[in-house]
Amino acid sequence: MAAPGPVTSEGPLDPSQPPAIEGFSPSVYKDSESFKEKFLRKTRENPMVPIGCLGTATALSYGLYCFHRGQSQRSQLMMRTRIAAQGFTVAAILMGLATSAMKARH
């Protein structure tokens, strides 16, 4: 069995920081983004995903409201609408990934 290479003692690892890998930057953006900036950038890159999420949340909320009021037919319709909105959101995510892959290839 081969002996392990020399161990360098650079100090203990800090779990709150990503590991330092030579020549690798975890972000393609120079500056650190705030949550709001990242959300706005991602929304501009693929606006269909937030629209799908909003549609899903709306259908779910209205469906639960109808269920609470005893309108079972309307509640069932809204739950089916929610499934369609979720499918739209997943399709939007996949289309965004495909678009990003095509842009990276060129």
For this session: Indicate if L77 and Y65 have the same hydrophobic cluster label, given that clusters are the connected sets of ILVMFWY residues with side-chain heavy-atom separations under 4.5 angstrom.
Result: yes
Problem set entry | Which atom of R82 lies closest to which atom of T56, heavy atoms considered | CG-CG2, 3.9 Å
Problem set entry | Residues M95, N46; criterion side chain to side chain contact (heavy atoms under 4.5 Å, CB included); working and verdict | CA-CA 9 Å; M95 292 300 292; N46 194 357; 5.9 Å; no
Exercise. Between E37 and R41, is the closest basic N to carboxylate O distance under 4.0 Å?
Worked result: no
Exercise. Are M78 and T58 side-chain neighbours, meaning at least one heavy-atom pair lies under 4.5 Å?
Worked result: no
Problem set entry | Nearest-0.5 Å distance, CD of residue E33 to NZ of residue K42 | 8.5 Å
Exercise. About how many Å separate OG of S100 and CZ of R105, when rounded to the nearest 0.5 Å?
Worked result: 12.5 Å
Seminar exercise, completed: Rounded to the nearest 0.5 Å, the CD atom of Q86 sits from the CG atom of L60 at a distance of 8.5 Å
For this session: Can you see which heavy atom on T89 is nearest to which on C53, and at what distance?
Result: OG1-N, 3.5 Å
Exercise. Are more than 12 heavy atoms from other residues, nucleotides or ligands located less than 6.0 Å from atom CE of M48?
Worked result: no
Exercise. Within the distance-only criterion (no hydrogens, no angle test), does the side chain of S75 pair as donor or acceptor with the backbone N or O of Q71 below 3.5 angstrom?
Worked result: no
For this session: Could you go through the side chain to side chain contact (heavy atoms under 4.5 Å, CB included) check for Q76 and F67 one step at a time?
Result: CA-CA 8 Å; Q76 283 293 317; F67 180 75; over 6 Å; no
